[in-house]
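Structure record follows, encoded as structure tokens.
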Amino acid sequence: MLIDILITSLINGSTYALLAIGFSLIFGVARIVNIAHTAFYMVAAYCIYFTTYRLGFNPLSAMITGIVFVSILGLIVYKIFIAPIREHEQAVLIGTIALAIALQEIMMLIFTGDYLSVPALIKGYATILGVKVFYQQLITFASVLVVLGLMRLFLMHTKLGLAIRATAQDREVANLMGMNESRVAMMAVVISVGLAGATGAIIVPLTTVEPFMWSHPLIMMMAVVVLGGMGSIKGSFYAAFILGFAEAMVVFLIPSGAFLKGAVALSIMILVLVVRPTGLFGVQFEEEG
Amino acid sequence: MLEITNLTVCYGKAMIINDISLHVDEGELVSLVGPNGAGKSTTLRAATGLVAWEKSIHRGGDGDITLQGTVEFMGKRIEKTPAHEIAKMGLIHCPERRRPFKEMSVLENLKAGAYLLTEKNEIDENLRQVYQLFPRLKERSHQISGTLSGGEQQMLAVGRAMMSSPKLLCIDEPSTGLAPIMRTEVFRKIQEIRELGITVLLVEQEVSTVFTMADRNYVLSSGKIIAEGKGEELLKDEVLRKTYLGM
């Protein structure tokens, strides 16, 4: 039982981490609360389904197509829809909610509401400490770690990464250092949506593809971000595993606990907001100007 | 080098800067002094593109920002140029309240300052120069900058600005909030920067020190330039000294 909980929490936690880091990135750099973040994850999942079954792509190229497609979609949507209203936080919030619902409805129109699935990259399972673990789960976990590692390298050791971190901390000063703040914001959007796409691509064989699949991860991701502290990538990382663990505990230890999955996230979110609104590693935002 | 002509800046109905003109020539150290709220920082922000940037992100909101007049740098009009492009031209603004990137190390802050440079040699050379100027930064190069003392953060802010090979360096209130001994140190460093051949526009409240080091001074009050000249000449003016400089 304990091993079950650990493995489930590691796998779920790692995908939440990936989602939450993308969300934090776009919030930190561009101050966009992107409710549609997980909707892009859903679009990536559909894209993989479509390319695998309708176009006959092999799983790997389907994944890559999915990620690229979603990144480009994110860029287009940002350019025509979000960028013009970016400085009005409420408008962005409403806009991204609308965007998420629109994407959901579009998927519903194209693919109907049927539950679809995508085959695993490698079938079969291994037995680890007496627990059955599907190879696909291991691949998912490993890919998440690789993506997170690459993200870290990118943020810490490239010039664009430096500009992204600088802009997230103080965009006015970043501007003064010659960083083109609006271009950095755009790049952050593309990377963030690309990460959402990658999460979708990595997780899709483990889940069912349906138009509402974005709502549960959205709640989990928000809870992770609140627990970890808005805008803190490190915080998102730790909080994702804490939440993944809490969720797995409830699911395994409480009878019919699966129904309480969402409740775990929401109660943690409320608790954090009451006790420690800045989260674990939250940054206190200083007013600009 | 920098030529501001008939500049007026309004935030909504409040006129922060009222028709001011000033210029900084190559190799000079020019100061802009005056009491709190006189419009010193806004003048700098207008020159380095931040007012225009603020205007662009607040469009449609109330309290619209207007900017009239011209700003020229090295013979080019820049009052509408985006801030990051002004930085590329070599007009570098070291902001008020220091504002280091608090979660980054000292070294990362300095690298962020060199963002516009592409030549690795030039970056290394600038880093060497900054470390020579501020040996303390070298000792603390891996410390997270948010944990530095106020004086060290000021050195970091100036060092970061120096990393981009500025032609004209605008420093906004470097001495504010520092202990007297740190202030002297900061002013001595600015003197050294100037001796490196970098033109400096210094915004300050600490009039007594600034007047002894600057070539020329502008006194700003309620958005207008009320006096201009060498420090010793300005100090002879009894009314100016008592009313505006509080000395």
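The structure displayed is predicted, hence computed values, not measured ones. Sequence lines set the chain letters: A, B, ... in the order given, protein chains first and strands last, and positions in each chain run from 1.
- Heavy-atom neighbours of B:Glu119 CD from other residues, nucleotides or ligands within 6.0 Å: at or below the threshold of 12.
- Between B:Ile57 and A:Arg171, some side-chain heavy-atom pair lies under the 4.5 Å cut-off.
- No more than 12 heavy-atom neighbours from other residues, nucleotides or ligands sit within 6.0 angstrom of CD on B:Glu26.
- Atom CE of A:Met177 and atom CE of B:Met163 lie 11.0 Å apart (nearest 0.5 Å).
- Within 6.0 Å of CZ on A:Phe81 lie more than 12 heavy atoms contributed by other residues, nucleotides or ligands.
- Remark: A:Leu176 CG to B:Leu50 CG distance equals 4.5 Å, nearest 0.5 Å.
- Proximity to chain A among residues 70-96 of chain B is limited to B:Ala83, B:His84, B:Ala87, B:Ile92, B:His93, B:Pro95, judged by heavy-atom separations below 4.5 angstrom.
- Around the OH atom of B:Tyr131, the shell of radius 6.0 Å holds more than 12 heavy atoms that belong to other residues, nucleotides or ligands.
- Without hydrogens or angle criteria, A:Gln169 side chain to B:Lys102 main chain gives a donor-acceptor distance under 3.5 Å.
- Surrounding CD of A:Glu105 are more than 12 heavy atoms belonging to other residues, nucleotides or ligands, all under 6.0 Å away.
- Atoms OH and CG, from B:Tyr115 and A:Asn180 in turn, are 8.0 Å apart once rounded to the nearest 0.5 Å.
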Pair A:Lys159-B:Lys111, side-chain contact (heavy atoms from CB on, under 4.5 Å): steps then yes or no: CA-CA 9 Å; A:Lys159 219 168 167 175; B:Lys111 281 187 177 160; over 6 Å; no
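- Counting non-hydrogen atoms of other residues, nucleotides and ligands closer than 6.0 Å to CZ of A:Arg86 gives a total above 12.
- Considering all non-hydrogen atoms of both residues, B:Phe101 and A:Asp170 come closest at CE2-O, 3.8 Å.
- Summarising the geometry of A:Val173 relative to B:Arg99, their closest heavy-atom pair is CG2-NE, 3.6 Å, with the distance given to 0.1 Å.
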